[in-house]
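This report concerns only the one structure given below.
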Amino acid sequence: MAVLPIITAPHPVLSARAREVQPHEFGAELEKLTSDMAETMYAAPGVGLAAPQVEDGRRVVVIDSSSGDERGTRLFRMVNPEITKRSKETIDWQETCLSVPDLEVWVQRANVITVEWQDAATGDKQSEQFEEYEAVIVQHELDHLEGTVLLDRVSTFKRGRWIRKMKKLKAPAYAK
Ligand SMILES: [Zn+2]
């Protein structure tokens, strides 16, 4: 396994719609990507990571809401995930993103969702219901697959201020 570099916004891969993983792509190599993504998420540390954040434009996410001694017990690796059911009841959460450091944004999400995805090794379909914090994480990661990051949810003013701040900090993404 390997810790992969996480790219920060604005970046074309983060803004693009990720593409579906094709049948011939399932197997050891895709499984390795999800392992590397999980290791990258744990190292950050974070509770979720989408493939575009490690510059891979495919529909792959990992999430793990667990913490402390439980860390690692709620790991889900999802390929081609899709929300098939969402509750009308919503939840407001102050979200952060590894690709948009130092920005917290209140986002309203569905409180309960059902997600279907494929297993990285076999392509087998899996399904699970997620609630509250985990539902928030999944919806945040699925936004990444649509090319949406937290920076797209704030005002032009706040966005400009954040970009200037990052330039000042000479974040790696701006060193080029
Ligand atoms: Zn994010």
Side-chain angles (χ1 to χ4, degrees), residues 1-21 30 33-67 71-72 74-83 86 90-113 115 117 120 128 130-156 158-167 169 171-174:
M1 294 209 291
V3 173
L4 307 168
I6 297 174
I7 57 172
T8 52
H11 188 290
V13 177
L14 289 173
S15 306
R17 184 182 184 275
R19 70 162 176 86
E20 272 78 22
V21 173
L30 191 65
L33 171 66
T34 64
S35 298
D36 288 347
M37 283 173 62
E39 196 179 350
T40 305
M41 170 181 70
Y42 291 132
V47 291
L49 194 70
Q53 294 181 273
V54 291
E55 232 178 321
D56 187 313
R58 290 182 287 179
R59 302 185 81 77
V60 179
V61 308
V62 296
I63 73 151
D64 190 341
S65 64
S66 63
S67 59
R71 195 67 167 146
R74 288 297 289 173
L75 175 63
F76 292 93
R77 315 160 182 222
M78 306 174 176
V79 179
N80 295 335
E82 221 179 299
I83 298 174
R86 54 181 88 220
T90 57
I91 180 171
D92 290 302
W93 204 276
Q94 195 168 26
E95 297 183 16
T96 59
C97 180
L98 295 171
S99 293
V100 193
D102 294 325
L103 190 77
E104 294 186 334
V105 184
W106 283 98
V107 185
Q108 188 174 65
R109 306 283 192 186
N111 192 42
V112 185
I113 56 171
V115 186
W117 69 89
E128 181 100 14
F130 297 94
E131 293 176 14
E132 300 177 342
Y133 183 40
E134 272 188 333
V136 168
I137 299 168
V138 174
Q139 288 169 89
H140 176 110
E141 299 314 326
L142 265 62
D143 271 3
H144 277 296
L145 303 185
E146 298 307 314
T148 301
V149 294
L150 286 184
L151 201 56
D152 302 316
R153 292 179 174 273
V154 300
S155 66
T156 311
K158 213 171 165 189
R159 184 187 167 91
R161 198 175 55 183
W162 183 86
I163 289 172
R164 280 196 300 280
K165 186 169 131 193
M166 285 299 123
K167 277 185 182 155
L169 292 172
Y174 299 95

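Read the numbers this way: they start at 1 and go in the same order the structure lists the ligands and their atoms. A quick note: this is a predicted structure, and the numbers were derived from the prediction, not measured.
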query = Which protein atoms of type N, O or S are found under 2.8 Å from the Zn ion (ligand 1)?
reply =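 Sorted hits: C97 SG, H140 NE2, H144 NE2.
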
key: Donor on one side chain, acceptor on other, R153 and T148, under 3.5 Å   =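 R153 vs T148: no donor-acceptor pair found between side chains.
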
ask   = Picking from T34, L30, I63, what satisfies side chain to side chain contact (heavy atoms under 4.5 Å, CB included) with R77?
value =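 With R77 as partner, side chain to side chain contact (heavy atoms under 4.5 Å, CB included) holds for just one option, T34.
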
request  = Look at R59 together with E146 and state whether they make a salt bridge at an N to O cut-off of under 4.0 Å.
outcome  =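 E146 and R59: salt-bridged.
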
inquiry  = Per the salt bridge (charged side-chain N to carboxylate O under 4.0 Å, His left out) rule, what does the pair list look like for residues 40-57, sequence neighbours excluded?
reply    =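 Output for this query lists D56-R58.
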
task = Please state whether the rings of F130 and W117 are parallel, tilted or perpendicular, taking 30° and 60° as the class boundaries.
result =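 Geometry flag for W117 against F130: tilted rings.
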
query = Within a radius of less than 6.0 Å around CD of E82, do more than 12 heavy atoms belonging to other residues, nucleotides or ligands occur?
reply =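 No, the 6.0 Å shell around CD holds no more than 12 heavy atoms from other groups.
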
